[in-house]
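Only a predicted model underlies this, so the values are computations on that prediction, with no experimental measurement involved.
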Amino acid sequence: MQNIIYSRSNVGKSSLIKALFSLAPEVEVRVSKKPGHTKKMNFFKVGKHFTVVDMPGYGYRAPEDFVDMVETYLKERRNLKRTFLLVDSVVGIQKTDNIAIEMCEEFALPYVVNCINKIDKSSKGHLLKQVLQIQKFVNTKTQGCFPQLFPVSAVTFSGIHLLRCFIASVTGNLD
Ligand code: GDP
């Protein structure tokens, strides 16, 4: 059973995965030394329970074989439980995010445009504006997207616990 974390490069996928597993030292999470340089898919196995996949970032600095690699994977992987699209709270949904959202809709994947990362970098007013905009987008423009947003910060850990609980719940591990 797999969960995918997916975003433009540099939005903080690797950092988020590291934050999610900060209480599980047995799961070794590597964050590329150069920020925004995840070029391959990285798999983090959580015992027998589930695996989290760190996808290469799309948009700026995307690897050349990105479309072949990611599209094929999303289309053909049968044990995908959830795809999490991570959006940067400072800039909101970008053009390239829309392409990723269309891909999730087209392949009818259960996904969440949930993760709004770097909330520590936005002022409260700006964050509220972004959250409301993204919520409106999810409500009016998507079919398969989970309605709840998860604003998080991989730096301050704000919102991380709720996201952990959500992942535990959708993978059937919340006892
Ligand atoms: P990836 O390409 O999506 O895997 O992004 P990285 O995890 O490499 O993060 C890109 C950059 O954003 C790094 O410099 C991180 O330190 C920074 N970053 C990631 N998450 C956060 C966050 O929640 N808050 C802040 N302020 N910076 C973050």
Side-chain angles (χ1 to χ4, degrees), residues 1-32 35-36 38-58 69-89 93 97 100-101 103-120 127 130-131 134-135 137-139 142-175:
M1 194 188 308
Q2 296 191 343
N3 294 279
I4 283 191
I5 315 258
Y6 194 31
S7 78
R8 290 185 301 114
S9 43
N10 226 18
V11 175
K13 284 177 303 304
S14 318
S15 308
L16 176 62
I17 292 173
K18 198 166 183 175
L20 284 170
F21 291 133
S22 62
L23 299 176
E26 67 280 11
V27 181
E28 195 202 334
V29 182
R30 278 168 293 115
V31 177
S32 170
T38 310
K39 297 275 188 225
K40 293 189 213 126
M41 289 187 232
N42 291 313
F43 294 78
F44 305 102
K45 207 165 180 330
V46 183
K48 283 188 234 137
H49 306 295
F50 60 89
T51 302
V52 173
V53 188
D54 186 6
M55 296 299 259
Y58 49 84
M69 177 165 47
V70 172
E71 251 199 48
T72 312
Y73 194 80
L74 290 179
K75 220 191 288 188
E76 291 177 7
R77 198 71 227 178
R78 291 278 157 255
N79 62 347
L80 268 189
K81 197 70 195 168
R82 280 288 184 290
T83 300
F84 295 88
L85 282 175
L86 189 62
V87 174
D88 185 328
S89 70
I93 295 179
D97 291 318
I101 292 166
M103 217 189 263
C104 291
E105 290 276 332
E106 189 190 329
F107 304 152
L109 299 174
Y111 72 101
V112 186
V113 184
N114 68 328
C115 300
I116 311 177
N117 196 24
K118 304 194 183 179
I119 60 170
D120 57 292
L127 182 61
Q130 292 294 356
V131 165
I134 296 171
Q135 188 74 70
F137 176 88
V138 169
N139 293 348
T142 67
Q143 304 283 326
C145 185
F146 188 71
Q148 164 84 50
L149 307 183
F150 294 89
V152 292
S153 165
V155 169
T156 65
F157 282 48
S158 178
I160 295 293
H161 193 59
L162 186 61
L163 185 55
R164 276 189 196 128
C165 291
F166 180 74
I167 294 175
S169 163
V170 293
T171 54
N173 289 292
L174 195 66
D175 291 325

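- Taking the side-chain contact (heavy atoms from CB on, under 4.5 Å) definition, one finds that K75 meets it with E71, F107, sequence neighbours left out.
- Atom NZ of residue K81 and atom OG1 of residue T51 lie 13.5 Å apart, to the nearest 0.5 angstrom.
- The closest side-chain heavy-atom distance from Q130 to I116 is not below 4.5 Å.
- Counting only heavy atoms from C-beta outward, the side chains of F166 and R82 approach each other to under 4.5 Å.
- Within the model, atoms CD1 of I5 and OG of S15 stand 11.5 Å from one another, a figure rounded to the nearest 0.5 Å.
- Qualifying side chain to side chain donor-acceptor pair (under 3.5 Å) partners for N117, counting only residues two or more places apart in sequence or in other chains: none.
- Remark: S153 pairs with D120, T156 by the side chain to side chain donor-acceptor pair (under 3.5 Å) rule, at least two apart or across chains.
- Remark: N139 engages Q135 in a side-chain contact (heavy atoms from CB on, under 4.5 Å) (not counting sequence neighbours).
- Proximity of R8 to N10: side-chain heavy atoms (C-beta onward) are nowhere separated by under 4.5 Å.
- Here CG of L20 is found 12.5 Å from NZ of K18. Values are rounded to the nearest 0.5 Å.
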Please evaluate residues S22 and R164 with respect to the criterion side-chain contact (heavy atoms from CB on, under 4.5 Å), reporting the C-alpha separation (whole Å), side-chain torsions for both, the decisive distance (0.1 Å), and the verdict. CA-CA 11 Å; S22 62; R164 276 189 196 128; 2.9 Å; yes
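- Taking CD1 from I134 and OG from S89, the interatomic distance works out to 8.0 Å, rounded to the nearest 0.5 Å.
- Residues passing the side-chain contact (heavy atoms from CB on, under 4.5 Å) test with T142 are I101, E105, Y111, F137, V138, C145, sequence neighbours excluded.
- For the residue pair K13/S7, the side-chain donor-acceptor check at 3.5 Å is satisfied.
- Checking V53, T83, V11, D54 one by one against Y6, the side-chain contact (heavy atoms from CB on, under 4.5 Å) holds for a single residue, T83.
- Between L109 and L80 there is a side-chain heavy-atom pair separated by less than 4.5 Å.
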Step-by-step side-chain contact (heavy atoms from CB on, under 4.5 Å) determination, N3 to I167: CA-CA 8 Å; N3 294 279; I167 294 175; 4.1 Å; yes
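- For the pair I4 and L74, the minimum side-chain heavy-atom distance is below 4.5 Å.
- Taking the six-membered ring for Trp and the full ring otherwise, the centers of F150 and F84 sit at least 6.0 Å from each other.
- For F50, there are no ring-ring contact (aromatic ring centres under 6.0 Å, His included) partners two or more places apart in sequence or in a different chain.
- Nearest heavy atom pair, residue S158 against residue I119, reads OG-CD1, 3.6 Å.
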